[in-house]
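Take a look at the structure set out below.
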Amino acid sequence: MSEIYDSIGGTYRVTRKQDPRIAAAIHEALGDARSVVNVGAGAGSYEPANKDVFAVEPSATMIAQRSKSSAPAIQARAEELPFRDSSFDAVLAVNTLHHWTDLRAGLRELRRIARRRIVIFLRDPNTGNRFWLTRDYFPALDGSPRIAAMVEAVRDQFKAIQDVPVSLPSDCADGLFSAYWSRPEMYLDEEIRRNISNFALATEEDLAGGLLSLEGDLRSGIWDKRYGHLRSLAELDLGHRVLVLEV
C-alpha cells in the first residue's frame, strides 16, 4: 500500500477533503471513546478533533500531506501495528481495507489493540444502488466480488456488528470513487481521477473506451436521458457503510 500512494498520492488533499456528513456518521460511531488510532490514516480526514488521536499510515507521501494541526502519525502497516494489546479505546479504519495485503492479519491487529470498539467505513457492493459508472462505462473497475468477499470476512470475524448506512450527498466534498454519482462530468477531470485509486491504478486500456463513451454520452444528452433524475437528488445510497465492531 505504501508504494501505491507514494506514486499516486502526491495531490491527494486537493480533491479528497473531509465531507462533514460522512464525518458525522463516523464520529457518532466512535461514541464516547477517548483515545483513537486511525489506521490507514492518509492525509488525516475524518479524525475527530475532540479525542486523543494517533495516526498510522504506510505511505510517506501521504504523511507529508498531513496538516500541522493533524494528529501525530507514524509510518506502519495495518498488518503489523507497533502498539501493545488494548492500547486504544477505539480503532478507526476509513476506506483502507481494500489496500491491505493480508486482510485477516490486519483485522486481527485491529482487534488486538482496541479496548472497546472498531469503526470501519467502507463500501459494501451488496447493498445500496448499483453504480452507473462501473455498469455502463468502466466494468473493469468494478471490484464488487473482491470487495464483497472482504466485507464478508469482516462480518465473519466480528459477530457483534452495528451496520450504519451512509448515503453520499450530491455535493460530497470527499472525491472518492462514487462521490460524483450526480456530477458525471467530474469523472472526465484527470486530477480527480488521479486521486481515486480505482482510476489511478487502472491501465490505459481499462479507461480509454469508457472515458470516450462517457464524454460522448454527456455531449449528446444520452447520459441525462438515462440518469438525469440523479441530478435532482440530495443524496444516494451506493452501499457505503459504517461498521461498528464491539470487541
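Remark: K17 does not engage D174 in a salt bridge, criterion side-chain N to carboxylate O under 4.0 Å. Taking 4.0 Å as the cut-off between side-chain N and carboxylate O, D89 and K51 do not count as a salt-bridged pair.
Contacts of R146 classified as salt bridge (charged side-chain N to carboxylate O under 4.0 Å, His left out), with partners at least two apart in sequence or in another chain: none. Under the side chain to side chain donor-acceptor pair (under 3.5 Å) criterion, E152 pairs with no residue at all, not counting sequence neighbours. Remark: D206 engages no residue in a salt bridge (charged side-chain N to carboxylate O under 4.0 Å, His left out) (not counting sequence neighbours). Qualifying side chain to side chain donor-acceptor pair (under 3.5 Å) partners for D189, counting only residues two or more places apart in sequence or in other chains: none. Listed by chain and number, the residues in a salt bridge (charged side-chain N to carboxylate O under 4.0 Å, His left out) with D237 are R241 (sequence neighbours excluded). Every residue two or more places apart in sequence or in another chain that forms a side chain to side chain donor-acceptor pair (under 3.5 Å) with S35 is listed here: R115. Residues satisfying the side chain to side chain donor-acceptor pair (under 3.5 Å) test with R155, not counting sequence neighbours, are D124, D163. With sequence neighbours excluded, no residue satisfies ring pair (Phe, Tyr, Trp, His ring centres under 6.0 Å) with Y46. Listed by chain and residue number, nothing satisfies the salt bridge (charged side-chain N to carboxylate O under 4.0 Å, His left out) test with E235 (two or more places apart in sequence, or in another chain). Every residue two or more places apart in sequence or in another chain that forms a side-chain contact (heavy atoms from CB on, under 4.5 Å) with R219 is listed here: E215.
Between atom OH of residue Y187 and atom CH2 of residue W181 there is a gap of 10.5 Å, rounded to the nearest 0.5 Å. Here S144 contributes atom OG and R123 contributes atom CZ; the two are 6.0 Å apart, rounded to the nearest 0.5 Å. One finds the CG atom of L245 at 14.5 Å from the CZ atom of R116 (value rounded to the nearest 0.5 Å). To the nearest 0.5 Å, atoms CG (D224) and NE2 (H229) are separated by 11.0 Å. We find the CD1-CG distance between I120 and L97 to be 5.0 Å, quoted to the nearest 0.5 Å. For the atom pair OG1 of T15 and CG of L176, the computed distance is 9.5 Å after rounding to the nearest 0.5 Å.
Side-chain contact between E47 and Q18 is absent, with no heavy atoms from C-beta onward closer than 4.5 Å. Side-chain atoms of Q162 and R117, non-hydrogen and from C-beta on, never get closer than 4.5 Å to each other. Put simply, the side chain of P58 does not reach to within 4.5 Å of the side chain of H99, judged on heavy atoms. L207 places a side-chain heavy atom less than 4.5 Å from the side chain of L141. Counting heavy atoms from C-beta outward, L218 and L188 have side chains that approach closer than 4.5 Å. Between V94 and S45 there is no side-chain heavy-atom pair separated by less than 4.5 Å. Contact check for L168 versus L236: no side-chain heavy atoms found under the 4.5 Å cut-off. F131 has its side chain out of reach of D142: every pair of non-hydrogen atoms, C-beta onward, lies at least 4.5 Å apart.
Linking Ile, Leu, Val, Met, Phe, Trp and Tyr residues whenever their side-chain heavy atoms come within less than 4.5 Å leaves I63 and V14 in two separate clusters. A single hydrophobic cluster is not seen to contain both I222 and L133; linkage of ILVMFWY side chains at heavy-atom distances under 4.5 Å, directly or through other members, places them apart. Two different hydrophobic clusters hold I192 and L212 under the rule that ILVMFWY side chains link at heavy-atom gaps under 4.5 Å.
Between E57 and G40, the shortest heavy-atom distance links the atoms OE1-C, 3.5 Å. Residue L214 comes nearest to W223 through the heavy atom pair CD1-CD1, 4.1 Å, listed as atom of the first residue, atom of the second, then distance. Nearest heavy-atom pair across H98 and M150 is N-SD, 3.6 Å. Smallest separation of non-hydrogen atoms from V154 and I161: O-CD1, 4.1 Å.
Sparse packing is recorded around CZ of R130, with 12 or fewer heavy atoms of other residues, nucleotides or ligands lying under 6.0 Å away. Within a 6.0 Å radius of CD in E185, other residues, nucleotides and ligands contribute more than 12 heavy atoms.
Here the rule is side-chain contact (heavy atoms from CB on, under 4.5 Å) with P184, and of Y137, Y227, W132 only W132 fits it.
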Stepwise side-chain contact (heavy atoms from CB on, under 4.5 Å) check, C172 with I22 = CA-CA 9 Å; C172 186; I22 297 174; 4.1 Å; yes
Stepwise side-chain contact (heavy atoms from CB on, under 4.5 Å) check, I118 with L243 | CA-CA 8 Å; I118 298 165; L243 303 181; over 6 Å; no
Yes or no on side-chain contact (heavy atoms from CB on, under 4.5 Å) for V39 and E109, after CA distance, side-chain angles and deciding distance?
-> CA-CA 10 Å; V39 177; E109 283 290 87; over 6 Å; no
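A side-chain donor-acceptor contact under 3.5 Å links E79 and T101.
Under the 30°/60° scheme for interplanar angles, the aromatic rings of F138 and F199 are found to stand perpendicular.
Within the structure, every pair that satisfies the side chain to side chain donor-acceptor pair (under 3.5 Å) test and touches residues 164-173, not counting sequence neighbours, is listed here: R21-D171. The ring pair (Phe, Tyr, Trp, His ring centres under 6.0 Å) analysis of residues 145-169, with sequence neighbours excluded, yields no pairs.
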